[in-house]
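In what follows, a single structure is set out as structure tokens and then discussed.
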Amino acid sequence: MNTAAGGDPVVVGPASAAPHVSPRDIADGICVHQIGGGLGNQLFEYAAGFAQSRRLGCPLYIDVSAFCSYAQRSFEIDTLGLPGTLVNLDYPRQAADGSVGLRHRFAAAMPPLARLRIARSPVFRPASREVDPSIDAITPGTTLSGYFQSPRYFADHADELFGILDSAFARARRDGPALPSDFLAVHIRRGDYLQARNRGIHGLAGPGYFRAALQRVAGLPSTQVLFTDSPELLAPDFDFLIDAEIYDPELAMGPVTTLAAMAAGHGMVMSNSSFSWWAAWVMSRRDPSCPVVAPRPWHDAGHAATDLLFPQWLTLDKRL
């Protein structure tokens, strides 16, 4: 078993190699059911579980069974060396003689969380998109399921989590292209946000928002490094970034190395993306004087997500 310096097990992939366990095998700890999404979402889910495992002084398990059938995204955080143990939550298990009864056959075809209900294992889901403080009443043996997109879910353990992520990102940057010593990270998220359904939920941070950030904000580093999942879609609307260096234009480095590179900046113009948020959070924790510009509203679908926008960050209307 791989362990961290403090003796914690370390998340090691790939997800497909995670051992199959039943709820009773992990009843001594907190389990995070990774419901999918990209690296930013995965980190929010992990952070909520990390904080609860630290609060309770118990093991942390990461259920990656969803990624066995989730073609859109890959499980990413296994390359970061984070505390925890990967598992594939599998209820029910075969009897000792190898037989599987009718009830077990029926349950085996269900999604993992449905299996947990049959097993009468407690599952915590936030009551809404707002922070649900009742999470601090859970006990070992509970599985967390949700996006948990608020730093309030891990506020009491933010210092430790930052230290872990900052070290992990430093290791990840060794595999990436060289970066300027002092640069402004500009993150333009497009990708699946261009799909009608996602665009209706998230909305896009438009060219006017990025132009305003670069023109109005004092103290931004003059060297700009552009991070985007859609470099081919930027011209001509983003011609004011013509002198920016595009990091990894072939998208060969992958999400972890790219996020680590973004976080190494000395200022940031964000997109309304959890991927952007984690880079800005690590950057701000490392050096609170780094200027960060964030878009508002974070969502177009009615959820303000004000927890994500810190007072020291400048916010501009993303619809400019």
Side-chain angles (χ1 to χ4, degrees), residues 40 149-152 158 162 166 169 179-194 198-249 258-320:
Q149 290 199 2
S150 170
R152 290 169 57 191
F162 163 71
D166 196 39
F169 285 177
L179 291 162
S181 59
D182 183 25
F183 70 93
L184 172 70
V186 181
H187 181 221
I188 302 178
R189 169 69 183 270
R190 290 298 183 259
D192 59 352
Y193 276 24
L194 295 174
N198 291 334
R199 188 166 185 166
I201 297 171
H202 302 287
L204 290 175
Y209 157 77
F210 288 96
R211 186 188 298 273
L214 297 176
Q215 290 177 344
R216 300 182 191 177
V217 181
L220 294 178
S222 58
T223 301
Q224 301 164 0
V225 178
L226 177 59
F227 298 83
T228 180
D229 52 10
S230 304
E232 73 284 359
L233 300 179
L234 300 186
D237 293 337
F238 289 88
D239 57 354
F240 54 91
L241 288 170
I242 193 169
D243 294 327
E245 173 186 341
I246 299 180
Y247 181 87
D248 190 21
T258 300
L259 179 57
M262 286 170 57
H266 295 79
M268 185 168 183
V269 181
M270 301 168 58
S271 281
N272 53 318
S273 155
S274 58
F275 191 78
S276 232
W277 189 91
W278 280 102
W281 183 78
V282 170
M283 184 188 300
S284 294
R285 299 287 299 201
R286 187 186 70 242
D287 183 356
S289 69
C290 288
V292 173
V293 184
R296 65 172 196 275
W298 192 261
H299 297 295
D300 278 5
H303 178 54
T306 53
D307 283 354
L308 296 175
L309 305 176
F310 293 112
Q312 68 269 30
W313 292 357
L314 174 69
T315 61
L316 294 176
D317 193 325
K318 73 172 189 272
R319 299 160 295 191
L320 291 171

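These numbers were taken from a predicted model, which means no experiment stands behind them. Just so you know, residue 1 is the first one in the sequence shown, and it goes up from there.
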Task: Trp298 CH2 to Ser271 OG distance, which is reported to the nearest 0.5 Å - done: 8.0 Å
- [ ] Could you please spell out the steps behind the side-chain contact (heavy atoms from CB on, under 4.5 Å) verdict for Arg216 and Val293?
- [x] CA-CA 10 Å; Arg216 300 182 191 177; Val293 184; over 6 Å; no
Task: Among Cys290, Pro291, Pro288, side chain to side chain contact (heavy atoms under 4.5 Å, CB included) partner for Met283 - done: Cys290
Task: Spatial distance of atom CG (Leu179) from atom CD (Glu245) [nearest 0.5 Å] - done: 7.5 Å
Task: Spacing of Lys318 atom NZ and Phe210 atom CZ [to the nearest 0.5 Å] - done: 11.0 Å
Task: Closest heavy-atom pair and its distance - Phe169, Ala263 - done: CD1-CB, 3.9 Å
Open item on the list: Do Gln149 and Ser274 have side chains that approach each other closer than 4.5 Å (heavy atoms only, starting at C-beta)?
Closed with: yes
Open item on the list: Does any part of the side chain of Pro297, heavy atoms only, come nearer than 4.5 Å to the side chain of Arg319, both counted from C-beta?
Closed with: yes
TODO: Considering non-hydrogen atoms only, spot the tightest contact between Trp278 and Gly40 and give its length.
DONE: NE1-O, 3.2 Å
- [ ] Would you indicate whether the side-chain heavy atoms of Asp166 and Arg286 approach each other to under 4.5 Å?
- [x] yes
Open item on the list: Please give me the minimum heavy-atom distance between Val282 and Phe162, naming the atom from each residue.
Closed with: O-CE1, 3.4 Å
Task: Distance, nearest 0.5 Å, that separates NE2 of His266 from OG of Ser181 - done: 7.5 Å
Open item on the list: Once you measure the plane-to-plane angle for Trp277 and Phe310, does it fall in the parallel (<30°), tilted (30-60°) or perpendicular (>60°) bin?
Closed with: tilted
Task: Of all pairs that satisfy side chain to side chain donor-acceptor pair (under 3.5 Å), the ones with a partner from residues 218-227, not counting sequence neighbours - done: none
- [ ] Please work out whether the ring planes of Phe275 and His187 are parallel, tilted or perpendicular, with thresholds of 30° and 60°.
- [x] tilted
- [ ] May I ask you to test the Leu234-Ile188 pair for a side-chain heavy-atom distance under 4.5 Å?
- [x] yes
Open item on the list: Would the distance check show the side chain of Trp313 and the main-chain N or O of Val292 forming a donor-acceptor pair, the cut-off being under 3.5 Å?
Closed with: no
Task: Leu214 side, atom CG; Tyr209 side, atom OH - distance, nearest 0.5 Å - done: 9.5 Å
Open item on the list: Is there a salt bridge (Lys or Arg N to Asp or Glu O under 4.0 Å) between Asp239 and Arg211? Walk through the geometry before answering.
Closed with: CA-CA 10 Å; Asp239 57 354; Arg211 186 188 298 273; 3.8 Å; yes
Task: Gap separating the CG atom of Leu226 from the CG atom of Asp248, nearest 0.5 angstrom - done: 11.5 Å
Task: Candidate pair Ser276 and Met268, rule side-chain contact (heavy atoms from CB on, under 4.5 Å), full reasoning - done: CA-CA 9 Å; Ser276 232; Met268 185 168 183; 3.4 Å; yes
TODO: Identify the two heavy atoms, one from Leu308 and one from Ser150, that lie closest to each other, and give their separation to 0.1 Å.
DONE: CD2-CA, 4.2 Å
TODO: Considering non-hydrogen atoms only, spot the tightest contact between Leu309 and Ala294 and give its length.
DONE: CD2-CB, 3.7 Å
- [ ] State, to 0.1 Å, how close Asp287 and Ser289 come at their nearest heavy-atom pair, and which atoms those are.
- [x] OD1-OG, 2.6 Å
Open item on the list: Do Thr315 and Arg296 pair up side chain to side chain, a donor and an acceptor below 3.5 Å, judged on atom types alone?
Closed with: yes
